[in-house]
2 protein chains.
Amino acid sequence: MAADRGAGNSTVLLILSVLDQGERYGYELIRELERRSEKVFQFQEGTLYPVLHRLENQGYVTAERKTGENGKERRYYRITPAGKKQLAAERESWARFSAAVNRVIGGEQHAFS
Amino acid sequence: MAADRGAGNSTVLLILSVLDQGERYGYELIRELERRSEKVFQFQEGTLYPVLHRLENQGYVTAERKTGENGKERRYYRITPAGKKQLAAERESWARFSAAVNRVIGGEQHAFS
DNA sequence: TTGACATACCTAGAGATTCTAGGTATATTA
DNA sequence: TAATATACCTAGAATCTCTAGGTATGTCAA
């Protein structure tokens with residue numbers, strides 16, 4: 001709805017938040033987001049991989065192909081300084097958005113760090 | 001991201017929330033959402049009107065054409081019982097979604113009514 | 001009275017995002 | 001050896017929002 005880009009790209013917020021805690025590979029991200037959200041987020045691979053590629057093109061993450069401890073090839077993603085900046089912006093955006101929704105629907109109001 | 005339809009349709013939640021407090025016409029909804037969200041939501045007419053028509057087709061709202069006190073033709077929308085049910089579901093969905101985002105990004109956790 | 005502006009509605013087409021539904025390949029386990 | 005989990009990928013469909021127009025009326029100032 002303009003003005004802020006709203007939710008919609010909460011996907012990027014979620015991915016960068018996890019990567020901010022350390023490198024991850026795509027498949028791992030999907031399972032970790034499912035676990036940490038208690039099944040609320042169940043990203044499809046067809047959703048996640050294209051987003052990761054886009055983030056790489058935008059310079060928010062870098063990728064490195066490595067063989068995991070189980071012998072399988074994986075692409076590990078790390079957040080870049082530009083990605084950290086973007087993450088801060090998205091956190092701010094989410095805080096504003098969710099507070100606004102809560103104001104409109106009459107829910108309680110909160111401050112996020 | 002499936003499992004819940006996530007944010008995305010927060011537009012419907014917002015519209016039904018306002019209509020739950022009384023009938024409104026489209027143009028009025030845009031300005032009221034802008035005001036109540038403190039400028040965070042700035043819906044375009046090209047976004048809002050098609051959504052209202054969809055809600056009408058789905059039976060969540062009814063519309064009635066009336067001439068306003070300023071002499072202009074307006075379409076007033078009212079929420080239906082089915083719309084109230086849908087609103088309750090969307091509130092629940094939003095509560096789950098926003099709590100999950102906050103868990104993942106490390107923000108505080110809240111309970112919504 | 002004429003022009004500008006706000007009100008009030010509408011739609012077609014473009015753009016962005018996510019899902020569906022496939023595909024490939026390797027390692028483990030039955 | 002067959003099934004399953006891991007791990008990556010993409011094309012096309014579906015959905016939603018935005019852009020960018022359009023129409024029409026009422027008010028107010030020049």
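By convention in this document, chain letters (A, B, ...) are assigned in the order of the sequence lines, proteins followed by strands, and residues within each chain are numbered from 1.
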Inset, instruction - Mind calculating the distance between OH (A/Y49) and P (D/dA11) to the nearest angstrom? - result: 16 Å
Legend entry - A/Y25, nearest nucleotide to its side chain (from D/dT17, D/dC8, C/dC9): D/dC8
Legend entry - Spacing between A/F43 atom CZ and D/dC9 atom C1', to the nearest angstrom: 18 Å
Inset, instruction - Take the protein atom NZ of A/K72 and the nucleotide atom P of D/dT4, then report the distance between them rounded to whole Å. - result: 15 Å
Inset, instruction - Could you check how far CZ of B/R54 sits from P of D/dA14, rounded to whole Å? - result: 16 Å
Legend entry - Residue B/E45, side-chain atoms from C-beta onward, closest of C/dC9, D/dA7, C/dT18: C/dC9
Inset, instruction - State the CD-CD distance between A/Q42 and A/E34, to the nearest 0.5 angstrom. - result: 4.5 Å
Inset, instruction - Tell me what B/E28 touches on the nucleic acid: a base, only sugar-phosphate, or nothing, going by heavy atoms under 4.0 Å. - result: nothing
Legend entry - For atom CD1 of A/I15 and atom C1' of C/dT17, their distance in whole Å: 12 Å
Inset, instruction - Assign B/G26 to base, sugar-phosphate, or nothing according to its heavy-atom contacts below 4.0 angstrom with the strands shown. - result: sugar-phosphate
Legend entry - Whole-Å distance separating the CD atom of B/E73 from the C1' atom of C/dC9: 10 Å
Inset, instruction - Might you confirm whether atom NZ of B/K85 has over 12 heavy atoms from other residues, nucleotides or ligands at distances under 6.0 Å? - result: no
Inset, instruction - Report the distance from atom NE2 of A/H53 to atom C1' of D/dC8, rounded to the nearest whole Å. - result: 8 Å
Inset, instruction - Round to the nearest Å and state the distance from B/R65 atom CZ to C/dA8 atom C1'. - result: 10 Å
Inset, instruction - Tell me, yes or no, whether the heavy-atom count around B/R31 atom CZ, taken from other residues, nucleotides or ligands under 6.0 Å, exceeds 12. - result: yes
Inset, instruction - Report the distance from atom CZ of B/R35 to atom CZ of A/R103, rounding to the nearest 0.5 Å. - result: 11.5 Å
Legend entry - Side-chain N,O (B/R74) to OP1/OP2 (C/dA8) below 4.0 Å: yes
Inset, instruction - Using only side-chain N and O atoms of B/N70, determine if any of them is under 4.0 Å from OP1 or OP2 of C/dA8. - result: yes
